[in-house]
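Computed from a predicted model, the values in this text were never measured in an experiment. Chain letters run A, B, ... following the sequence lines, proteins first and then strands; every chain starts at 1.
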Protein chains: 2
Amino acid sequence: MKSLLSNLKISVPDKIYLKDPESSKLGKRIIEHGILLIDEIGFDSFTFKKLGAKIGSNESSIYRYFESKHKLLLYLTSWYWAWIEYQMVFTTFNVPDAKEKLFKAIDVVTKTITQDDTFSHINEIVLNRIIINEYSKSYLTKEVDSENKEGYFVIYKRMIRRLSDMILEINPEYKFASSLASTIVEGALHQHFLKVHFKSITDCNDEITPSDFFKELTINAITKVT
Amino acid sequence: MKSLLSNLKISVPDKIYLKDPESSKLGKRIIEHGILLIDEIGFDSFTFKKLGAKIGSNESSIYRYFESKHKLLLYLTSWYWAWIEYQMVFTTFNVPDAKEKLFKAIDVVTKTITQDDTFSHINEIVLNRIIINEYSKSYLTKEVDSENKEGYFVIYKRMIRRLSDMILEINPEYKFASSLASTIVEGALHQHFLKVHFKSITDCNDEITPSDFFKELTINAITKVT
DNA sequence: TTTAAATTAATAGTATTACTATCATATTTG
DNA sequence: CAAATATGATAGTAATACTATTAATTTAAA
């Protein structure tokens, strides 16, 4: 995916930031080390002061890019889903068989990220861990409705709708395409979490992946003769 | 469920609290109004100081029951899952047909709570909303492994295992019973959230419930001939 | 190349949070 | 009734999540 993406810029709704972090060296350092620090100490303990110390910059300079650490999380998650969406569109493009297409899409959203080579300052492996551990916190807030109106979750919702459309391509009669799509995406993150922290309530491990589980689940859900 | 439960006490791992809130009037007020206040302002803005003001008591008195607001959340969530587990065991007891049994269990974990009548000081409708909006925050932390070792999530995991066992009763060959069970429980909370805040990525609404979706999904997953 | 504009750094300050500690006052119980 | 226990009031601390101001540095334009 590297060479194909190297000229592209993933774009994030611009209301999320005060100043585009892609537009300067400091901005990129904020993103790069923000990802590493959130992964290291967790989003709850993460502060702009600590990030400032880590990158040898000042707290107040970071506040010029993001209004709050919550906005930084929204930025990172939007970036992540835009990146996933791109891969989903790219991988399924020109695949004539609807089932093969859907399976490729499910693979994209459920797989463990193992390669970090798409964008120089963003470590996608680490960012994927942040999504698994922190994504829910970006929308489980009292402000979710107003932030949704501002468009902070458009990329995520659009990506889910693409998946839903591929489900309907196979079976236009299936009544729960959206719920199934959202369950696959959210459920895969959850299974990845469980396999690290609550092994006893998942079957996923080094051999069985969330992708295996969700592909079988999906195909049975939509092709069953009832 | 009221009369049957009225003599029972739901028990929560005792390491979660410093002093059992069931043991005093103040303790019960903390739980009762803690639930209402978290629902009202959200867990992130919730503080013991605000709760103290609301119940006409002192911040420091609340700290004598719970070490932190995080522990209070663990208490509430443990209580909730114990209550759900009780209903699950009770409702499925003596049901001979494995499929009917599983469906009853799925109903218990996925339905919207509409009655508040089991325990005087706990409003189960409001508590259910808190679980939907805040449950993930109880385990998406850096301390999850140590807290898991302390037994703070035993009830939740046991309840999921019960569900998994009922799945295996129908099809002992099914390879993903635990993952399916955990997906049903977590996924149902997620669908309830989506139907309020992100309607475009769910099919659930006033007519179609998460229960409908997950029952069909489950039965197709485990009885499909592959 | 100088000058102005923009960006970043440094410092200080505020209200709130998440507690801990101490001591006084109720309330319960033996 | 005394002693034990629970609760309340007050104070204090370090950290958080910012905002504001001013100084220093970098960049871009004339």
Side-chain angles (χ1 to χ4, degrees), chain A residues 14-34 37-38 40-76 121 134 137-138 140-143 146-147, chain B residues 14-34 37-38 40-76 121 134 137-138 140-143 146-147:
Chain A
D14 64 7
K15 277 189 175 173
I16 290 180
Y17 48 76
L18 298 169
K19 182 182 167 159
D20 186 0
E22 289 294 322
S23 71
S24 74
K25 215 183 155 182
L26 178 63
K28 283 177 190 156
R29 285 174 63 73
I30 289 170
I31 300 306
E32 177 178 4
H33 294 278
L37 188 56
I38 290 171
E40 194 183 311
I41 64 175
F43 186 69
D44 300 335
S45 310
F46 173 87
T47 70
F48 282 176
K49 194 168 190 178
K50 289 174 187 169
L51 178 57
K54 186 164 178 149
I55 63 178
S57 178
N58 202 274
E59 195 190 0
S60 58
S61 304
I62 302 170
Y63 273 106
R64 258 181 236 106
Y65 287 82
F66 297 100
E67 195 169 302
S68 63
K69 70 172 182 171
H70 177 244
K71 288 287 177 75
L72 172 59
L73 181 61
L74 288 173
Y75 180 90
L76 296 177
H121 61 296
E134 321 285 0
K137 296 173 191 168
S138 75
L140 294 178
T141 67
K142 279 281 164 184
E143 298 76 37
S146 61
E147 293 188 343
Chain B
D14 63 8
K15 277 188 175 173
I16 291 181
Y17 48 76
L18 298 169
K19 180 181 167 161
D20 186 0
E22 289 293 322
S23 70
S24 74
K25 216 182 154 184
L26 177 62
K28 284 176 190 156
R29 283 174 64 74
I30 290 171
I31 299 306
E32 177 178 2
H33 294 277
L37 189 56
I38 290 171
E40 195 183 310
I41 65 177
F43 186 69
D44 300 334
S45 309
F46 173 87
T47 69
F48 282 175
K49 193 167 191 177
K50 289 174 187 169
L51 178 56
K54 185 162 179 153
I55 62 178
S57 178
N58 202 274
E59 197 190 1
S60 59
S61 305
I62 302 170
Y63 274 106
R64 266 182 223 108
Y65 286 83
F66 296 100
E67 188 170 310
S68 64
K69 70 172 183 171
H70 177 246
K71 288 287 178 77
L72 172 59
L73 182 62
L74 288 174
Y75 180 91
L76 296 177
H121 61 296
E134 323 284 1
K137 296 173 192 169
S138 76
L140 294 178
T141 67
K142 279 281 164 184
E143 297 75 35
S146 61
E147 294 188 342

Atom-to-atom span, [atom1] of [X] to [atom2] of [N] - whole angstrom:
{"X": "B/Ile30", "N": "D/dA6", "atom1": "CD1", "atom2": "P", "result": "13 Å"}
{"X": "A/Phe66", "N": "D/dC18", "atom1": "CZ", "atom2": "P", "result": "14 Å"}
{"X": "B/Lys54", "N": "D/dG8", "atom1": "NZ", "atom2": "P", "result": "17 Å"}
{"X": "A/Ile62", "N": "C/dT7", "atom1": "CD1", "atom2": "C1'", "result": "14 Å"}
{"X": "B/Lys19", "N": "D/dG8", "atom1": "NZ", "atom2": "P", "result": "11 Å"}
{"X": "B/Leu18", "N": "D/dT7", "atom1": "CG", "atom2": "P", "result": "13 Å"}
{"X": "A/Lys71", "N": "D/dA17", "atom1": "NZ", "atom2": "P", "result": "15 Å"}
{"X": "B/Lys28", "N": "D/dA6", "atom1": "NZ", "atom2": "C1'", "result": "16 Å"}

>> Using a 3.5 Å distance criterion without hydrogens, assess whether the side chain of A/Lys142 forms a donor-acceptor pair with backbone atoms of B/Ser45.
In response: no
> Quick check: does any side chain N or O of A/Lys50 sit under 3.5 Å from a backbone N or O of A/Ile41, one acting as donor and the other as acceptor?
Replying inline: no
Between [X] and [N], is there a side-chain N or O to OP1/OP2 distance below 4.0 Å?
{"X": "A/Ser23", "N": "C/dT7", "answer": "no"}
{"X": "B/Lys25", "N": "C/dT27", "answer": "no"}
{"X": "B/Tyr65", "N": "D/dA6", "answer": "no"}

> If you take all heavy atoms of B/Leu140 and A/Glu134, which pair is closest and at what distance?
Replying inline: O-OE1, 4.5 Å
> Relative to each other, are the rings of B/Phe46 and B/Phe48 parallel, tilted or perpendicular (30° and 60° limits)?
Replying inline: perpendicular
>> When you compare the side chain of A/Tyr75 with that of A/Ile31, does any pair of heavy atoms fall below 4.5 Å?
In response: yes
>> Let's go through A/Asp44 and A/Lys137 carefully: what are the C-alpha distance in whole Å and the side-chain angles of both, what is the deciding distance for salt bridge (charged side-chain N to carboxylate O under 4.0 Å, His left out) to 0.1 Å, and is it a yes or a no?
In response: CA-CA 10 Å; A/Asp44 300 335; A/Lys137 296 173 191 168; 3.5 Å; yes
Show the distances under 3.5 angstrom between N or O atoms of the protein and N or O atoms of nucleotides 17-24 of chain C.
from   : atom 1 : to      : atom 2 : distance (Å)
C/dC19 : O5'    : B/Tyr63 : OH     : 3.4
C/dC19 : N4     : B/Glu59 : OE1    : 3.4
C/dC19 : N4     : B/Glu59 : OE2    : 3.4

> What's the spacing between B/Tyr65 OH and B/Arg29 CZ if we round to 0.5 Å?
Replying inline: 11.5 Å
